[in-house]
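Have a look at the structure below, then the notes.
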Amino acid sequence: MNYKLNNGNICLNMDGDFIISQTLECGQCFNFNKIGEENYIVTAFGRALHIYSTDGSIVFEDTTQEEFEKIWVDYFDLNRDYGKIKDLLSAKDETLKKALEYAPGIRIINQDFFQCLISFIISQNNRIPMIKKVVSNLSKKYGEYIKTVEGEDYFSFPTPEKLYGISGNELMECKTGFRGKYIADAVTKYVDGTLNHKNFNNLTTKEVQALLMGIHGVGPKVADCVMLFSLKRSDAFPADVWVKRIMSYFYFDQKDTPIKDIHSFAYEKFGEYSGFAQQYLFNYARQFKIGTGKDA
DNA sequence: ATCCAGGCCCGAT
DNA sequence: ATCGGGCATGGA
């Protein structure tokens with residue numbers, strides 16, 4: 001990764017391994033607002049980052065070198081060599097190769113654990129635009145005002161302490177639907193220490209998944225997303241309807257296959273990079289509606 | 001209008 | 001252990 005300071009902005013050159021739109025809009029995070037082509041505001045860790053690309057480089061505006069190195073390098077996984085991962089995965093499989101060529105600029109974001117947990121609780125049986133809306137509603141109601149960009153106000157995602165004690169019913173005012181009580185349980189367990197992700201380091205991915213599933217409303221899929229997108233568990237393989245479809249379509253002779261079989265197949269084929277493979281496959285499946293009967 | 005969405009809970013088998 | 005209905009909400 002090489003970057004330079006330019007008029008107070010950070011300019012980054014990633015040789016095509018980082019395309020902002022692909023990274024933000026591939027379904028892994030919900031805390032961004034598009035204000036133009038390859039031009040976004042991303043809220044995370046209490047900041048609202050203006051990020052855009054121009055002349056082949058990526059510009060981080062309104063940030064400092066300190067903030068960039070402390071927050072955004074890890075957030076956008078900038079120290080990881082994606083060229084290497086893509087080569088490795090492309091060599092394994094033709095389907096994956098196509099998925100990688102379709103969206104070569106996806107990087108796996110390292111999100112804040114709490115925000116990621118709540119976001120993916122909201123994601124269940126929901127659609128991405130609606131998930132974004134609910135995350136935004138919660139931020140506006142319970143988060144802190146950060147700043148206004150082009151007439152739009154940006155708020156931080158609420159802290160666990162701020163949400164503590166708020167009932168599921170009250171949370172439903174933010175359009176969480178039936179997931180309000182699930183959020184309330186996650187908040188309670190986070191704040192009272194029943195669930196402490198800082199104690200997860202020496203546990204296997206399977207063990208962490210089981211702990212996360214101790215939350216009422218967190219099942220295997222949401223737990224996998226939280227592990228992949230906020231706990232650096234790249235072997236987690238979230239299998240939702242799209243992943244189930246594309247895996248069934250390409251690897252199981254188009255036959256509807258149980259999640260359990262898909263999981264064991266994925267881990268055997270993709271190993272510790274299962275999570276990366278999953279994200280490229282998910283994106284590919286969703287774009288081309290693979291396995292829905294409407295696929296091209 | 002009916003169906004469904006980056007699922008999970010719960011009760012019935 | 002596995003299966004199906006129900007669930008808030010809003011867009012197609």
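Sequence lines set the chain letters: A, B, ... in the order given, protein chains first and strands last, and positions in each chain run from 1.
- For the C1' atom pair drawn from B:dC3 and C:dG6, the interatomic distance equals 15 Å after rounding to whole Å.
- Here the side chain of A:D253 pairs no donor or acceptor atom with the backbone of A:K255 at under 3.5 angstrom.
- Across all strands, A:R286 comes closer than 4.0 Å to no nucleic acid atom at all (heavy-atom distances).
- For the segment residues 120-130 of chain A, the set of residues with a heavy atom within less than 4.0 Å of an atom of DNA chain B comprises A:S123, A:Q124, A:N125, A:N126, A:R127, A:I128, in numerical order.
- Using a 4.0 Å heavy-atom criterion, one finds that A:E173 contacts no nucleic acid atom at all.
- In this pair, A:F200 and A:H197 present their aromatic rings perpendicular. The plane angle is above 60°, beyond the 30 to 60° band.
- Because its NZ or CZ atom is both nearer than 6.0 Å to the ring centre of A:F32 and within 45° of the ring axis, A:K132 counts as a cation-pi partner of that residue.
- Salt-bridge annotation for A:D74 and A:K232: present, with a side-chain N of the basic residue lying under 4.0 Å from a carboxylate O of the acidic one.
- As a whole-Å value, the separation of A:I118 CD1 from B:dC8 C1' is 15 Å.
- In this structure, A:R179 places its CZ atom 13 Å from P of B:dA5, rounding to the nearest Å.
- Between the side chain of A:S230 and the main chain of A:M227, no donor-acceptor pair closer than 3.5 Å is present.
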- Item | Pair A:D235-A:S274, side chain to side chain donor-acceptor pair (under 3.5 Å): steps then yes or no | CA-CA 5 Å; A:D235 55 332; A:S274 295; over 6 Å; no

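- Spacing between atom CG of A:D224 and atom P of B:dG6 amounts to 17 Å, rounded to whole angstrom units.
- Atom CE in A:M247 sits about 19 Å away from atom P in B:dG6, given to the nearest Å.
- At whole-Å resolution of the value, CZ in A:F178 and P in B:dC9 are 10 Å apart.
- Using a 5.5 Å limit on the distance between ring centres and a 30° limit on the angle between planes, the aromatic ring of A:F282 counts as stacked on the six-membered base ring of B:dG6.
- Residues meeting the side-chain hydrogen bond (donor to acceptor under 3.5 Å, both in side chains) test with A:D224, sequence neighbours left out: A:Q209, A:H263.
- Comparing B:dG6 with C:dC3, their P atoms sit 24 Å apart, to the nearest whole Å.
- Distances shorter than 4.0 Å separate some side-chain N or O of A:R245 from OP1 or OP2 on B:dA5.
- Within 4.0 Å (heavy atoms only), A:K175 reaches sugar-phosphate atoms of the nucleic acid but no base atom.
- Cluster note: A:Y267 groups with no other residue, as no ILVMFWY side-chain heavy atom lies under 4.5 Å from it.
- Rounded to an integer number of Å, the gap from A:Y182 OH to B:dC10 C1' is 9 Å.
- With both ends at atom P, the span from C:dG10 to B:dC8 equals 22 Å, rounded to whole Å.
- Rounded to whole Å, the distance from CG on A:L281 to P on B:dG6 is 16 Å.
- Mapped onto DNA chain B by nearest heavy atom, A:G217 and A:V243 fall at different nucleotides, with A:V243 at the one closer to the 5' end.
- Between A:M172 atom CE and C:dG10 atom C1' the separation is 14 Å, expressed in whole Å.
- No engagement by A:V134 is indicated, since no non-hydrogen atom pair under 4.0 Å with the nucleic acid exists.
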